[in-house]
Enquirer: 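Questions regarding the structure given below will be posed in turn.
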Amino acid sequence: MTLKIGVIGTGAIGKDHIRRIRRNLTGARIVAVTDVNAEQAHGVVQGEGIEARVYDTGLDLINAPEVDAIIVASWGPTHEEFVLAAIAAGKPVLCEKPLAVTAEGCRRIVDAEIAAGRSLVQVGFMRRYDRSYRQLKKVLTDGAIGAPLTLNCAHRAPEAPGFSGDMALTDSCVHEYDVLRWLLDDDYVSAQVIMPRSCHLGEQEGYQDPHVILLRTRQGVHISIESFVNCQYGYDIQCHVTGEKGIASLPEPASVHLRLEAKSSDGILVDWKDRFVDAFDVEFQEWINATARGEMDGPSAWDGYVVALTADACVKAKYSGLIEPISLPECPAFYGR
Ligand code: NAP
């Protein structure tokens, strides 16, 4: 069976997903696209040489009879409406982060999915599909280093064009919040945000970068995340877990080691897309496969909701200077945790 997919949003990442489904993946084809910029949508259809109908609106695409499943890759504030419409239409949907721009919006999606009685929603937290994170998770799950005690992580990007306000906490660090609770199979109970001396390369007066985010989990694991989105030198994702018996570190992306001109060096990636290109491919192939089987086994709407609550707590902690509690409601049995 070939899964017939409709894509909402043909901007940067929507275009990438269309290309990867067309060129790299199996079991699916793009049959419909839409974007508020119709010219861009037509351009992507032509450029990729796909036979896809261009719809006027996301709602038209969701309800189109030829569309089996939906990818939401439009602007964040549109996600909630499109995901709710997909649930109402009974169609599986993979929504890029954020699931919704508020925790209340995420909760509405959770409630709608439970009311529909079918798992339909997956959130685009692609780090769970990254080979190195999966290797690290296996080491932790196998108990090789004993119980995890502390995690020291870094999310560093060379620059963050368009970033303002608290986007480091609410936009890029959402990947950390998701992948770390998945790695540990645990949930957060509190957040604190430390603001060190700020670099002078942010876009606005008073812009804070880096942030240090301290999270504590239910099992008492202490997590420290350095978020530094104007670090200049490269795109560098680090995660080191100290356990009772040893330390497990996220493998570095492979690069040719050079001994050259009196130096010994390894390359560091610069673009986040290069770091996670394979993870996106695996994420979408696994979603296609599961959807074709009538299943949904990736990051759920509940995970999207928990991440939104965590981001809210981090923003609150940044301004209060306090350790802020993260009070998660009981996970509904529907989500099986
Ligand atoms: P983008 O380049 O701005 O693309 C978004 C597209 O959606 C634009 O073409 C935009 O049109 C269109 N759009 C806005 N409202 C729409 C509507 N109501 N119906 C249909 N199309 C609409 O942004 P992007 O970088 O691709 O990001 C898209 C989403 O993916 C964001 O939520 C972002 O957070 C997420 N993302 C996730 C990752 C990841 O690591 N998983 C990475 C990058 C992005 P206009 O430009 O004309 O407004």
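Just follow the structure's listing: the first ligand is 1, and inside any ligand the first atom is 1. Note: hydrogens, waters and symmetry copies are ignored here, and every other heavy atom, side chains too, is used.
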Enquirer: Would you mind checking which non-hydrogen protein atom is closest to atom 8 (C) of ligand 1, with the distance to 0.1 Å?
Expert: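 Nearest neighbour among protein heavy atoms for atom 8 (C) of ligand 1, to 0.1 Å: Asp35 OD2, 3.6 Å.
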
Enquirer: Please say whether more than 12 non-hydrogen atoms of neighbouring residues, nucleotides or ligands are located less than 6.0 Å from CG in Leu258.
Expert: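 Counting other residues, nucleotides and ligands, CG of Leu258 exceeds 12 neighbours.
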
Enquirer: Using a 6.0 Å cut-off, check whether atom CD of Glu39 has over 12 heavy atoms from anything other than its own residue.
Expert: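 Check fails, neighbour count at 12 or below.
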
Enquirer: Could you tell me whether the side chains of Tyr335 and Glu113 share a donor-acceptor contact shorter than 3.5 Å?
Expert: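 Side chains of Tyr335 and Glu113: pair found under 3.5 Å.
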
Enquirer: May I ask whether Gly58 has any heavy atom positioned less than 4.0 angstrom from an atom of ligand 1?
Expert: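 Judged by the 4.0 Å heavy-atom criterion, Gly58 does not count as contacting ligand 1.
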
Enquirer: Does the residue Glu81 have a heavy-atom contact with ligand 1, meaning some pair of atoms that are separated by less than 4.0 Å?
Expert: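 Heavy atoms of Glu81 never come under 4.0 Å of ligand 1.
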
Enquirer: One residue to check: Tyr55. Relative to ligand 1, which of side chain, backbone, both or neither has a non-hydrogen atom less than 4.0 Å away?
Expert: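 None of Tyr55 does.
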
Enquirer: Say whether Tyr319 and Asp166, considering side chains only, have a donor N or O and an acceptor N or O under 3.5 Å apart.
Expert: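 Checked: Tyr319/Asp166 side chains pair up, N/O donor to acceptor below 3.5 Å.
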
Enquirer: Which of the atoms of ligand 1 are close to His79, meaning less than 4.0 Å from one of its heavy atoms?
Expert: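 Every atom of ligand 1 under 4.0 Å from some heavy atom of His79: 32 (O).
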
Enquirer: Do NZ/NE/NH1/NH2 and the carboxylate oxygens of Arg23 and Glu48 come within less than 4.0 Å?
Expert: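 Salt bridge flag = yes for Glu48 with Arg23.
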
Enquirer: Check whether Lys91 reaches the backbone of Ile62 with its side chain - one donor and one acceptor, N or O, closer than 3.5 Å.
Expert: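 Judged by distance alone, yes, a pair lies under 3.5 Å.
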
Enquirer: Which residue from Gly124, Ala73, Pro77, Gly9 reaches closest to atom 5 (C) of ligand 1 through any of its heavy atoms?
Expert: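 Among Gly124, Ala73, Pro77, Gly9, the closest heavy atom to atom 5 (C) of ligand 1 belongs to Ala73.
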
Enquirer: Without swapping roles, check the side chain of Glu244 against the backbone of Ala147 for a donor-acceptor pair under 3.5 Å.
Expert: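 Looks like yes, one N/O pair under 3.5 Å.
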
Enquirer: Is the shortest distance from a heavy atom of Phe82 to ligand 1 less than 4.0 Å?
Expert: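 Flag set, Phe82 near ligand 1.
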
Enquirer: Using a strict cut-off of 4.0 Å, indicate which atoms of ligand 1 neighbour a heavy atom of Phe280.
Expert: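 Checking each atom against Phe280, I get 39 (C), 40 (O), 41 (N).
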
Enquirer: Quick one: nearest non-hydrogen protein atom to atom 37 (C) of ligand 1, plus distance?
Expert: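 Answer for atom 37 (C) of ligand 1: Glu96 OE1, 3.1 Å.
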
Enquirer: Applying a heavy-atom cut-off of 4.0 Å, say which part of Trp272 lies close to ligand 1: side chain, backbone, both or neither.
Expert: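 Just the side chain.
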
Enquirer: Could you tell me whether Arg218 and Asp186 have a side-chain N and a carboxylate O separated by less than 4.0 Å?
Expert: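 So Arg218 does not pair with Asp186 through a salt bridge.
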
Enquirer: Do the side chains of Asp236 and Arg275 get close enough for a salt bridge, i.e. N-O under 4.0 angstrom?
Expert: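 No, no charged N to carboxylate O under 4.0 Å.
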
Enquirer: Write out the residue and atom name of the closest protein heavy atom to atom 1 (P) of ligand 1, then the distance separating them to 0.1 Å.
Expert: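 Closest protein heavy atom to atom 1 (P) of ligand 1: Ala12 N, 4.0 Å.
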
Enquirer: Please work out which of His175, Arg127, Gln40 has its closest non-hydrogen atom nearest to atom 39 (C) of ligand 1.
Expert: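 Going through His175, Arg127, Gln40 one by one, His175 has the nearest heavy atom to atom 39 (C) of ligand 1.
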
Enquirer: Among all the protein's heavy atoms, is there at least one whose distance to atom 23 (O) of ligand 1 comes out below 4.0 Å?
Expert: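 No, because not a single protein heavy atom sits under 4.0 Å from atom 23 (O) of ligand 1.
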
Enquirer: So, are Arg19 and Asp16 salt-bridged, with charged N and O less than 4.0 Å apart?
Expert: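 Judged by the 4.0 Å cut-off on N to carboxylate O distance, Arg19 and Asp16 do form a salt bridge.
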
Enquirer: Between ligand 1 and Pro98, can you find any atom pair, the residue atom being a heavy atom, that is separated by under 4.0 Å?
Expert: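 Within the 4.0 Å threshold, so yes.
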
Enquirer: Gly76 heavy atoms, cut-off 4.0 Å: which ligand 1 atoms fall inside?
Expert: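 Reading through ligand 1 atom by atom, the close ones are 32 (O).
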
Enquirer: If you have a sec, work out which protein heavy atom is nearest atom 38 (C) of ligand 1 and how many Å separate them, to one decimal?
Expert: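 Answer, as residue, atom name and distance: Ile13 CD1, 3.5 Å.
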
Enquirer: Please determine which of Arg128, Lys97, Arg127 meets the salt bridge (Lys or Arg N to Asp or Glu O under 4.0 Å) test together with Asp303.
Expert: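 For Asp303, the salt bridge (Lys or Arg N to Asp or Glu O under 4.0 Å) test succeeds with only one of Arg128, Lys97, Arg127, which is Arg128.
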
Enquirer: Which atoms of ligand 1 are found less than 4.0 Å from any heavy atom of Met126?
Expert: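 Under 4.0 Å from Met126, ligand 1 has these atoms: 40 (O), 41 (N).
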
Enquirer: Flag yes if more than 12 heavy atoms outside Arg293 fall under 6.0 Å of its CZ atom; otherwise flag no.
Expert: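 Count over threshold, so yes.
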
Enquirer: Where is the nearest protein heavy atom to atom 7 (O) of ligand 1: which residue, which atom, and how far?
Expert: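 Minimum-distance protein heavy atom for atom 7 (O) of ligand 1 reads Ser74 CA, 3.3 Å.
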
Enquirer: Step through the shown structure and confirm whether more than 12 heavy atoms of other residues, nucleotides or ligands are within 6.0 Å of NZ on Lys316.
Expert: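 12 or below, so no.
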
Enquirer: Name the closest protein heavy atom to atom 4 (O) of ligand 1, giving the residue it belongs to and the distance to 0.1 Å.
Expert: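 Protein heavy atom with the smallest distance to atom 4 (O) of ligand 1: Gly11 CA, 3.3 Å.
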
Enquirer: To which protein heavy atom is atom 48 (O) of ligand 1 closest, and what is the distance rounded to 0.1 Å?
Expert: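 Closest protein heavy atom to atom 48 (O) of ligand 1: Val36 CG2, 3.9 Å.
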
Enquirer: What is the closest protein heavy atom to atom 35 (C) of ligand 1, and at what distance does it sit?
Expert: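 It is Lys97 O, 3.3 Å.
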
